[in-house]
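What follows is one structure encoded as structure tokens, with my remarks underneath.
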Amino acid sequence: MTDQSSSGWVTTTSSYASSNPNQGINSGPGMAGGGGSRERPLLAWAGVRHQGSMRDIGDSSGLSGRVGGEGGAEGQGKGAGAEEEEKNMRFDLDGAGALHCSQAVLITCLHLSHEMGQRDVGMYGWTTPLAKDPMGSMIKIMKQYSGHIRALSKHDLSCRSVPDPSKTVIQHHLQRARLAAGQNSYVAVIYNGHGIQEPPTEQGELWCYDKGFDECLQSGSGPSEYIPIMLFDVMAWAGASTCWVWDCSNAGRIIRAAHSEAEEIDNQYRAAAAQNPNIAKLHPPVYSRRQIHFAACSAGQTIPRVHGMPDDLFTACLTTPLRIALLFHNLQTFPLTKGDGGSFIPRTHAYMAALWENMSQNLKDRLWYELTAITHTIAWQTIEGWEYQKLFGASGDVVGNFASGFLLSQRVLGAYKTTPESIPSIPSSTGHALWTTWDLILDNLFEQLPKYFDEGVVDTSWEKDLKLVSFMADQLESITTAGQLLHVTEAPRSGMTPGLTRLPIICSAAMTSGFRVQASTALDSCLRALDVRGLAHAVQGGALDVAARLLELEDPEIKAQVISIWSSLVRYDVAVLALAKDGLSADRLTEVPAVRFFLSALEESLGQEGGNEDDHDPTSDSVSQHSEEAATTLIIQTAAVLSTIANHVKGRTAPRFVLRTISMVGVMLRSKNALVQQWGALLIAEVLGSLDRPEEAGVIDGAEVLLLRMIESDSVESRATAVYALSRWVPLPLSTAGSDPHPHNYRRTSSSSTEVNASLELAGKLVEHAFDEGSSLVRRELTRMFVHVLQVCMGHTKLATWVFILRRAILHLPELRSKIEGAIKATGSRLGIIGDQLKKLKVVQRVLDALRVFSFDPDAQVSAIVFTPLQEILVTLASGSRHEADAATDTVETRKPDSRRCWEALGSLCFPGLAQDASQEGLRWTEEMVDHLISSAEMMDKSFKARTSSRDGKRLQGRHMTRRSSGKTITDTDTRSDWRWNTDLFDKTKLSLQAYLAAARSRGTIDRSSPQSHSQSQCLPEKVVTSYSGDSKERTFIMRHRLLEDSLVVAEQQVGLPWKWRMKDITSPDPWTTMTLHSFHPIIMSCNGSNEILFFDWGNAKKTGSINLNIITSARFVDELHEQIVVVAEINNGDIHILAGPSGDPNQIKPIACFHALDLDVAVSGHHRRPRGQKRMVNTWFRSSGLLCVGGQSDKINVWDCPAERCVKHEDRLGSGIGDRRADVTTLITEPVSGNLILSGLSDGTLQLYDLRQARKTALLSWRGDVIVVAHDGDGCYSHHSGFDLPSGRSSAMKKVGVILGESKNITSACANGLINTYDLRKLSEPISSVLAHQDGIAAASFQGHSGLLSTVSNLERENVFSPAAEPQSGSLGQAGFPSRIRTQSVVVEWAIHRSALGQLSEVTKERITFPDHSPSPSLEEDADSVIFNPYTVFHPLRPFVSIGHGNTCYLRGCGVGEGDDTDSGSYSFLRSQAGLD
């Protein structure tokens, strides 16, 4: 295996943190899971947290901010459209639909005595009026209407009957109904104008009678004329929250007028509110938003009268939709199902009436549930979510049923050329495929109907053998079956995911006892797959209301589903508010039903998990294993809900809740399941951070011990949550402001000495892990905690910082060591710092050292956390020359400019991340700075005594130095007036909960290291020695990959094809310093010493994309059989960035992780600054163990566990005993079979071998690789010579070390002096074979491990070339032609390939290649900012071809394998078929 390419990146961790592509969080907008793709090997950085980095989980919604409007960074930059969408999505927050519809007004203008004289009057309210008693018929009709509307409501509904009214009567009833309903509840108003011959006018005028019904009843005479009423007046009387039903001809005119009239009312209220703000509270301008109108027809249309249907067909559709649906189906001509033709003859009117009377209420309910499920689904798929919520959820049951009936009316009236209209507008749904489903249900019902019913006898016995087709049952079955789609042909509206399209079906079924269990499971499956924006849509679709009702039921059959549903919903703050609002005002938090339910559920689940663990062996009992996994899932989900409740009710006292949760947290932290541990940590963090701590400190001491054990875990999330929880053990800093909105966070007036000691002890245990942490997630939490500790322990922080800066000065000014140490000792003696005080100061200094490293962390968020607190500390030091009492009047302008600039310079030197501008980058330590520091010792004495004797722990009240950032100057101000616990980790983990659970189910839930594991030093050798084998799929994948490696070069080795095939000549617009090739895709990734990684397609020699980072020296592909491309990029400052993205579009490759792999600042003395672009760091990767070894211009070789994202070992490179102790590591490889050995080559020609199985931290073997050993004098001394005539002064740096796969005892090395050696590990005194490959020395080398081929290129040789316009010379590669007799400067390199087999070297090919000269002039070669373009050569990881390049030119040369079709052993298709991946 080479260090310039990778043969695969396969993680073998069983941690849930590596997710299955089938159940990840990257399956499309609105979805957190999905996938039909087959399972692929996992990436070391394929965890949910990194997938979240790639698609930004929380970014999918601006709705994740706190209710009330904190948008945060995620909400910035939204356009007007996004803001309008968010406003609409939050319709339920403005109080518009907070209460159900409790009032209905029935305005019926029939004037039956007149109408029956003009025409045959049909049924109204399913009652046929009698000509001989029109008044009595009218009263009966009104009673029927009232009964029908009351049947639509689940609450008490007051119906006001207003038959044949006058204008005064209408005004009276509308105003009384609004007064009774209140401002926010909806009032339903039905206006039937069938008895008025005049249609509504275009100006919005309605008609009523000059006399009311009661007046006519008393006088015995009827009305004589029509009276107009302005729609403006009617709407003003009824109020904003009103649902209007207009059953009259030309009703569309009312719809047109309603828009303008509502806007006019709002404008008048706005104008009045401008004069008197109190009016806005009584009459908010919300008519336009809240109005709901249903009109029977459009403008210019009349109401049809259909034989067999009632005359009030539109009203009947809205009030009795099921009965109308049965009648309408009876009138259809063509049945959809086969059967006896006679059975489909339309039934008579009398039969249909008898059928309705002989249907049991149970049958009617079943059909009604099916119909509402269909109508709700149609509406959900055709209108916007906020409109659906307004019509079907937030406005009450009556309005929701009216809306369902309106959809039916579109179909029924549409069959008779009539188009109902509405506000908000509901598109016509007459052609929706779900109506076909409803027809199938009724076809099935009609086939089973009896032929007749006995007149006057109600008999429902015919239903006992009835077998109905159930739409809900079929859909629920398809929802719970993977891969099934909704039976609709319409595409869902924009932003709607497949799961959401069926939400109304699920909600309707969940309210049906027969389908409740199945529907609850389906609702759980739907919600868990949604992101925050998807949850917002789901809340609009009624998911929150249904979840609340299911929670109230406390049905044990659906307990698990209810918990899972709420664990998904709490990711959306509206749902949190609905769940926990009672907890803010309840006397006892544990008495709130929802809280009590989840507390009991968590206790029960923990008991089940413990019982299963003690009584059964999960590996041998599949039933017990399934039960344990179910209990584990419930524990995690319940903990998420309880954590959210605690976070929401912060500020109140809840001692019983705190004690119960902490006792359960102890059980969770002892679990062997990583997710349970993590949510135990998050739960205790939110409880301690939001509520009062228990009075007895011992209650939480046990949890602290368990959390500290979690720091040793290989799981990143376990470490991050442990640090997050432990930060709550540090006392809160004192707030200087009394206007805190959350006073519970500021009850502390000072930190006691005990608390300070405990905080420093805790920080001391964590600080050692900071330097080995590779996860940005953990580093952020460590940084926040360390900053918190410094602020609490301010009495020690100032002095410790002063000492820390002086000790940093010793590293750079060693000649002042005695002077500096003397000043430090003198200060310690004056202050009497011994014993415990000295330990405290040392801990604070270690914390400062960790923050120094974090100040230039590759993760910008980490460095940003450090910036302000460190600057505050430095400001307190800068202002230390004045008494604290005078500090309040001190300003930057009154201080000495030289003193301020000196402290700014010291801050930039000690904490590189604080450098404000480019002028501070070139700062150097000076003796004047040291003198300035020492001169402030007396002030340090006074400050230390004052702080430690008064309030140790008082928060920082210093002032900022002037900041020159973001293009503006920020003067000294008190920047922190309050303190809030940071809950970013909890919020993000809550959003990703379902994705983690999906990953856990697919990968197994037991972490690689439980809390009871050994310490890091104890478990390291075992971990490194034994390559983790993974599951059977991973082992199979690794074996297939190695079979590929072994089989690819058979043709080249056995047939001996010549390396004369010219594959491709590439000319790049950007010069390259190095490049690497993807194993399977025709992708080249190159670097040129700039901030970019360049991507080329070598098949067509075109640039395909680039990535911009810092100064990139090299990059490599990893896990190349995975669908996504993963890149490990080395930065010239010792950082490593991990990038990932789709293989088809390199521009979409984004950073997902980063860490400081090697501290190049702690390099051994004698180094010279390298030119820009030259590598200061090299790495090697072993796929089976996931270990990344990093060396370079440093005295260490760090071993990183990439799946765990932390450094597990530091090899001391300076303990070799031979060679130059200042030499750098120039090449590094891992032994390719076991991965237990790493071999390094140094810049002085030394080769070193390290055994990772041993506890020693130095090289096991060291020998010279640049010479041939020929004699040994017996006294331990060797005499060396190369055996070849080499020029003096040539570099001895090792360019390459290689080990052949299957020949691990033989080592091949290439040295810069031109020498290639092979060694036997059993005898390193002299090489087995030696070849002088290039007389001019070796500039670059590449080794292909499975073939034993070593490609080398010599150093550049410049020459003048007279190049006529002719063909390139024979034997050269792609030599560009030049105009006739033009003298050009070119460079020539010698390229060769040697084969190493059983320790013997043989030459395969050698030739001279000419390139255009891209090297800088000699005067620029020493310039540190210039890029030196040396020749390079890189083998393809698998295929038998190699690249040779310099500057803008790169040649690809092959041995002939791979040029043919897909049957060729070098082709991509052949490789994949061999691996069994097609």
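- A distance of 10.0 Å separates CD1 in Ile700 from CG in Leu707, rounded to the nearest 0.5 Å.
- Using a 4.5 Å heavy-atom cutoff, the side chains of Val687 and Phe657 are in contact.
- Looking at Leu706 and Val665, their side chains never come closer than 4.5 Å, going by heavy atoms from C-beta outward.
- One side chain, Arg779 or Ser776, offers a donor N or O that lies under 3.5 Å from an acceptor on the other.
- From Leu683, atom CG reaches atom CG of Leu688 across 9.0 Å, with rounding to the nearest 0.5 Å.
- Classification of Glu686 and Lys650 as a salt-bridged pair fails, no side-chain N sitting under 4.0 Å from a carboxylate O.
- For the atom pair His796 NE2 and Leu760 CG, the distance stands at 7.0 Å (nearest 0.5 Å).
- A distance of 9.5 Å separates OG1 in Thr653 from CG in Leu589, rounded to the nearest 0.5 Å.
- Between Arg1206 and Asp714, at least one side-chain nitrogen of the basic residue sits less than 4.0 Å from a carboxylate oxygen of the acidic one, meeting the salt-bridge criterion.
- In this structure the side chain of Arg846 never reaches within 4.5 angstrom of the side chain of Lys842, judged on heavy atoms.
- A donor-acceptor pair shorter than 3.5 Å can be found between the side chains of Ser718 and Gln678.
- When every heavy atom of Ala580 is checked against every heavy atom of Val649, the shortest pair comes out as O-CG1, 3.9 Å.
- Side-chain contact between Leu851 and Leu790 is present, with at least one heavy-atom pair separated by less than 4.5 Å.
- Ion pair Arg719/Glu773 flagged as a salt bridge, since at least one NZ, NE, NH1 or NH2 atom sits closer than 4.0 Å to an Asp/Glu carboxylate oxygen.
- For the atom pair CE of Met710 and OG of Ser715, the computed distance is 7.5 Å after rounding to the nearest 0.5 Å.
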Checklist entry - Can you check side chain to side chain contact (heavy atoms under 4.5 Å, CB included) on Asp857 and His1156, steps first, answer last? => result CA-CA 7 Å; Asp857 194 271; His1156 191 64; 5.6 Å; no
Item to check | Intermediate values then yes/no, side chain to side chain contact (heavy atoms under 4.5 Å, CB included), Leu762 and Met785 | outcome: CA-CA 10 Å; Leu762 183 59; Met785 183 175 183; 3.2 Å; yes
Next on the checklist: One pair to check against side chain to side chain contact (heavy atoms under 4.5 Å, CB included): Val853 and Asp1159. What are the steps and the verdict?
Outcome noted: CA-CA 9 Å; Val853 176; Asp1159 194 351; 5.5 Å; no
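- Between Ala640 and Trp679, the shortest heavy-atom contact is CA-CZ3, 3.5 Å.
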Item to check | Full working for side chain to side chain donor-acceptor pair (under 3.5 Å) between Thr721 and Glu781 | outcome: CA-CA 8 Å; Thr721 52; Glu781 298 307 316; over 6 Å; no
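- Of all non-hydrogen atoms in Asn1198 and Ala1157, the two that sit nearest each other are ND2-O, 2.8 Å.
- A pairwise comparison of heavy atoms in Asn982 and Tyr724 identifies O-CE1, 3.3 Å as the closest pair.
- Using a 4.5 Å heavy-atom threshold, the side chains of Ile833 and Leu799 count as touching.
- Salt bridge present: Asp984 and Arg784 bring a charged side-chain N and a carboxylate O closer than 4.0 Å.
- Nearest approach of Gln994 to Ser568, heavy atoms of both residues: NE2-OG, 2.9 Å.
- In this structure, the side chains of Leu726 and Glu704 come closer than 4.5 Å at one or more pairs of heavy atoms.
- Taking the six-membered ring where tryptophan is involved, the planes of Trp1200 and Phe1155 are tilted, since the angle between them lies from 30° to 60°.
- For the side-chain contact (heavy atoms from CB on, under 4.5 Å) with Thr797, the qualifying choice from Val792, Leu841, Val789, Val844 is Val844, the only one to do so.
- The minimum heavy-atom distance linking Leu599 with Met664 is given by the pair CD2-CE, 3.7 Å.
- Considering SG of Cys910 and CG of Leu848, their distance stands at 9.5 Å, rounded to 0.5 Å.
- In this structure, the ring of Trp729 has its center no less than 6.0 angstrom from the ring center of His788.
- Side chain of Thr661 to backbone of Val658: a donor-acceptor contact under 3.5 angstrom is found.
- Between Phe911 and Phe804, the two ring planes are parallel [angle under 30°; tilted spans 30° to 60°].
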Checklist entry - Could you go step by step and tell me if Asn757 and Lys840 meet the side chain to side chain contact (heavy atoms under 4.5 Å, CB included) rule? => result CA-CA 8 Å; Asn757 293 340; Lys840 293 179 185 178; 2.4 Å; yes
